[in-house]
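Written out below as structure tokens is the structure these notes cover.
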Amino acid sequence: MAGAPSEPGGTAQDSTWQFIALVEITNFAILRRLIGRSRGDALVLDLEQRIVATLPAAATMVVGRATIEVSFDGATFADLEVANAGLRGAMIAPFDLDQALCAMEIAIGGVGAPLGLTEDVRLVEEAEGALEQARHDQSSVLRDLSIGTPAFDRLTLTRELPLAIANGEMFLQYQPKLHVRKQAIASAEALVRWQHPLRGLILPGDFITVAEEARQISALTLWTLDEVIRDQRTLAADGHDLTIFVNISGQLLGDKAFVDAACEKMRTANAKIGFEITETAVIRDPECAIANLQIFADQGITIAIDDYGAGLSSLAYLKQLPARELKIDKMFVLQLTSSNRDPLIVRSTIDLAHALDMEVTAEGVETQAAMALLSVMGCDMIQGYLISRPISIDAFRQFLRDDILRPVEDPRQSMFKRPATFWKSA
Ligand code: C2E
Ligand code: MG
Ligand code: MG
């Protein structure tokens with residue numbers, strides 16, 4: 001896995017750069033409708049085959065039903081551009097999908113950095129950001145991380161944030177959660193994004209704390225709630241009456257004006273809504289937070305504890321929370337099948353949550369192996385790129401319409417199908 005500018009993935013002595021590219025089939029839903037569900041579910045393997053043929057020295061991994069992660073080394077940033085051109089060229093010839101000749105359309109988001117400059121985890125996150133932008137721009141997005149994205153000037157963002165909501169620059173994406181035993185999508189999480197007119201896509205990691213510091217988080221969350229209530233109703237009208245979860249910043253658990261405004265919206269909404277709160281949010285001012293969470297729960301809002309294990313957990317508070325769901329932080333899930341310690345932590349967390357009468361979601365599930373292990377451990381729901389990346393409401397409606405989760409006899413026909421022995425007994 002090394003390379004030279006003319007041939008990414010070439011000779012080892014030249015590898016001073018590392019690259020990650022995410023390649024996603026953008027016309028996946030259309031193709032699958034054309035060729036049928038079972039053949040469609042294997043489509044990502046056709047893409048992988050063509051990538052391997054184009055970049056033989058690169059490592060590939062299926063990271064979702066329509067996405068391949070490609071990693072390789074090289075000599076300069078130009079290697080990524082060469083690889084991109086190669087992949088684009090490789091997609092020109094149609095695919096022979098059981099006698100039907102079909103064109104596969106792809107989005108490519110790629111990043112590169114000199115070896116040792118960037119942690120692998122950050123490289124993947126940056127590649128995700130690039131893919132997100134690529135989907136939006138409808139052309140490849142390649143980022144050189146050695147130049148360093150201009151650090152978001154927090155002061156400017158603080159000034160721009162209030163207008164951004166008014167100008168419609170904020171939008172939501174939804175990430176489904178699969179209920180393991182029911183083999184069905186049980187709920188979804190709403191994740192906010194900022195499409196900045198000059199800076200491009202900004203992910204919440206870069207502006208939520210800004211919004212909190214600028215006291216804008218209440219306005220942003222109330223806007224989110226309005227959008228989610230509307231989208232939840234749309235989904236219910238489609239026949240998918242799912243609970244949609246909104247992330248609630250810890251700051252808001254002590255904000256009476258927010259609590260009143262959110263409850264007022266919920267009273268008239270008639271929509272299934274959940275709130276995700278982190279354990280640290282509660283630890284800040286437990287008495288007040290617990291009282292307000294109880295108000296939300298009384299309003300019919302499902303409470304989930306987010307990022308469990310990432311903060312300083314306190315069993316004492318956990319027991320007092322009116323929470324129905326515990327979400328295990330993705331830092332324990334991403335390495336689940338390669339670490340010795342993480343499976344033990346996850347297993348005992350699942351047992352603890354069940355003892356407290358909570359359902360458990362594992363976030364950051366990227367591989368079939370992780371999903372299989374989580375199923376054996378009795379995890380109730382899984383969320384992660386394996387099921388779907390966060391997607392627009394229209395793409396989510398399409399995802400649900402596709403009804404890909406219907407159990408079938410041949411396990412290869414559905415990526416979610418597992419033998420009955422995998423599931424926790426009811
Ligand atoms: P979170 O609530 O824990 O959301 C899950 C994050 O993990 C999301 O990142 C999602 O894109 C990412 N993710 C999902 N599946 C996978 C996977 O399989 N692998 C990996 N590596 N990552 C995965 P995102 O969208 O960047 O959000 C980051 C955080 O920003 C969220 O973490 C949440 O704490 C916060 N956030 C997002 N939307 C809102 C919001 O509307 N309000 C508030 N207060 N916070 C929000
Ligand atoms: Mg969350
Ligand atoms: Mg989380």
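The figures that follow rest on heavy atoms only: side chains count, while hydrogens, waters and symmetry mates do not. Order of listing sets the numbers, starting from 1, for every ligand and every atom in it.
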Under 6.0 Å from the [atom1] atom of [X], do we count more than 12 heavy atoms belonging to anything else shown?
| X | atom1 | value |
| --- | --- | --- |
| R215 | CZ | no |
| R39 | CZ | yes |
| N167 | CG | yes |

Within ligand 1, which atoms have a heavy atom of [X] less than 4.0 Å away?
| X | value |
| --- | --- |
| E189 | 1 (P), 2 (O), 4 (O) |
| D307 | 3 (O) |
| D306 | 1 (P), 2 (O), 3 (O) |
| G384 | 15 (N), 18 (O) |
| P204 | 24 (P), 25 (O), 26 (O), 27 (O), 28 (C), 30 (O), 36 (N), 37 (C) |
| Q175 | 14 (C), 15 (N) |

Between [X] and [Y], does any side-chain N to carboxylate O distance fall below 4.0 Å?
| X | Y | value |
| --- | --- | --- |
| K256 | D260 | yes |
| D307 | K327 | no |
| R65 | D41 | no |

Q) Restricting to N, O or S atoms of E189, which is nearest to the Mg ion (ligand 2)? A) OE2

Q | R181 side chain to M381 backbone, donor-acceptor under 3.5 Å | A | no

Ligand 1 contacted by [X] (non-hydrogen, < 4.0 Å):
| X | answer |
| --- | --- |
| E125 | no |
| I208 | yes |
| Q383 | no |
| R193 | yes |

Q: Quick one: the OD1 of D307, the Mg ion (ligand 3), OD1 of D306 angle, rounded to 10°, please.
A: 90°

Closest protein heavy atom to [atom], given as residue, atom name and distance to 0.1 Å:
| atom | answer |
| --- | --- |
| atom 42 (N) of ligand 1 | N247 O, 3.3 Å |
| atom 10 (C) of ligand 1 | L191 CD1, 4.0 Å |
| atom 38 (N) of ligand 1 | V192 N, 3.2 Å |
| atom 20 (C) of ligand 1 | E366 OE2, 3.3 Å |
| atom 22 (N) of ligand 1 | Y385 OH, 3.3 Å |
| atom 7 (O) of ligand 1 | K330 NZ, 2.9 Å |
| atom 11 (O) of ligand 1 | P390 CG, 3.4 Å |

Q. Would you call the rings of F275 and F296 parallel, tilted or perpendicular, where under 30° means parallel and over 60° means perpendicular?
A. perpendicular

Q) Can you tell me if E363 has an N, O or S atom under 2.8 Å away from the Mg ion (ligand 3)? A) yes

Q) Has E276 got an N, O or S atom lying less than 2.8 Å from the Mg ion (ligand 2)? A) yes

**Q.** Residue portion contacting ligand 1 (non-hydrogen atoms closer than 4.0 Å) for E363
**A.** side chain

Q) Hey, mind stepping through D351 and R347 against salt bridge (Lys or Arg N to Asp or Glu O under 4.0 Å) and telling me if it holds? A) CA-CA 6 Å; D351 292 344; R347 176 77 215 227; 3.7 Å; yes

